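Working notes, structure below.
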Amino acid sequence: MVQSTQKDGSLVFQFSGRLDTMECARIEGEVAQQAQAAGQPVVFDLAGVDFVASAFLRLCLGVQKKALGNPLTLVNVSPPIKKVFKIAGLDKLVAR
Amino acid sequence: MAEPTTNADIEAVMERANQAAAVFTELDQAQTDRIVRAVLEVGFNNRVRLAKLAAEETGLGKWQDKVIKNVVGTQFVYDDIKNLKTVGVISDDPVTGIVEIAQPMGPILAIIPVTNPTSTTMFKILICLKTRNPIIISPSRKARHCVAETARLCYEAALAADAPEDCIQWLPEVSREQTHALMTHKRLALILATGGTGLVKSAYSSGTPTLGVGAGNVPVFIEASADAAFAVEQIMLSKLFDNGTICASEQAIVVERAVAPVVEAEFKKRGAVFLDDAGVKKLEAVAIEAETGLMNPAVVGQPAMTIARMAGLDVPADAQLLMAPLRGVGKQYPLSSEVLAPILAYYVVEDFDRAVNVCIDLNFHGGIGHTATIFSNDDEKIQRFATLMNAGRILVNQPSSQGAVGGMFNMLNPSLTLGCGTGGKNITTDNVSARHLLNIQRIARRRVNARFAQFDSAKYLDESLDAEAIEKQFNRNW
């Protein structure tokens, strides 16, 4: 189960391990639903994430869409994951 | 002796080049090498005069550093290619039955940039002659006289060594139309395009095979295990070289906080000035053109004090380098882009991962495929850094400008045309050299694959046999 908490006016999701296709399919609905209902900025904390499948990139895009104008930001992104977002052209989501 | 060429003469230029290409095919390796040696000697012996000509005509950089560039373009390049087989049979493997034969490509158009005019001219002449390809030189308008003089000297020396007539031609007057006509000419074999992005793109768009270069935006990571004082010394040596005109020169320094105080003290000790936010704003206004986001040509190759005066910066009279502390990378931080001048972006970050992330941002902000540098004594971190960069050259503990061109601080092929791979819209990440200017023919003698010979090919028609079953039978070894 993905953990979510409130922090500094944002809904923060804590991810870890491998975010492969199966795992993303398992958590996608819940994450998207919470993000949509929150009506506030959403943060994905990727500390400890060592793999993301393309399903996670889609999940990010889906959440960004459902967050209805509230920003989605990725924090604690390791360099290999940062490179994935860079090459995919989604690095604007990654916090500087 | 080739006469200066006018716009109307493109057909004549190509006709002469084509005839030179034909005659070149008659030369053997020894004759070819004698020509190359003659050109090396005249180029090297004129290294100082040509450097001064280049500095005077272009107004860029320092003549003393242009001498070193001329040395790279002659002595270092020659040393690298002199023993290369470039004529006839270059390898014969009795086991595989493959014989490789080197053939020249044909007339090559060499685009010469304003930043390294005489050195690039000599480098390209040497690698073209070594491969028996006639060269047609098209210089930057701002460097046409020094390039013409360089080409003339080399051509006279080549002729004296029995090179084919018109093996070197140059265009004293260059227009866009001329360049376009040459690039698209049906008899042109290859373009060696060293220059700005627009020019390289038009070369690639011409339909003629092209070896080009990409833009750089070189990040330099001073990792926590680095010898910080040594790193700064090397960076200064490189960034001040010819006032920063080499495209592989450092553009941004990324430092882990643990070593930042030492790094900053070392920079200051060597004449670097750290600007405050107001200073950064003033500097970016003159160094980067607001409309394009690209470097302002007026600052390229200028000393730090000249640029400081242009920007209205109050800096000590002996300032060597302008350091711009930045908080991010991208269009909103103009100085995070490439500037070929003594200006460096500067970032202090908490740890290794954050530092690498900033380097990834810099690398992808206009410098994909070019060069990245790390100062570190931790092999594991060097490897991690290298795999995360998209760069043809990952330089370790060395000055970036001199390191990337090869031969002085590492064993990369000495070159003044640095391939940047597909990220930089190039076909290679190599330091381009003579070996790229050959068509290699392969004689393939009959050597029947024993596994194929013993395998019943009719089995491929049996759909019940899957890949594993076929492999088992194909690889059977009684």
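Quick note on labels: first sequence line is chain A, next is B, and so on, each numbered from 1. From a predicted model like this one, the values you see are computed outputs, not experimental measurements.
- Taking a 6.0 Å sphere around CD1 of B:Ile427, one finds it holds 12 or fewer heavy atoms contributed by other residues, nucleotides or ligands.
- Only the side chain of B:Arg354 comes within less than 4.5 Å of a heavy atom in chain A; its backbone stays farther off.
- Here the shortest heavy-atom pairing between A:Lys83 and B:Met389 reads NZ-O, 4.0 Å.
- When all heavy atoms of A:Pro79 and B:Leu388 are compared, the pair lying nearest together is CB-CD1, 3.4 Å.
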Inset, instruction - Take A:Lys86 and B:Asp361, measure what side chain to side chain contact (heavy atoms under 4.5 Å, CB included) needs, and give me the verdict at the end. - result: CA-CA 8 Å; A:Lys86 201 82 186 172; B:Asp361 281 332; 2.6 Å; yes

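- Of all non-hydrogen atoms in A:Val77 and B:Asn357, the two that sit nearest each other are O-ND2, 2.9 Å.
- The distance from the CD1 atom of B:Ile360 to the CG atom of A:Asp91 is 10.0 Å, given to the nearest 0.5 Å.
- Residues A:Lys82 and B:Asp353 fail the side-chain proximity criterion, which asks for heavy atoms closer than 4.5 Å.
- Within 6.0 Å of CD on B:Glu468 lie no more than 12 heavy atoms contributed by other residues, nucleotides or ligands.
- Atom CD of B:Gln383 has 12 or fewer heavy atoms from other residues, nucleotides or ligands within 6.0 Å.
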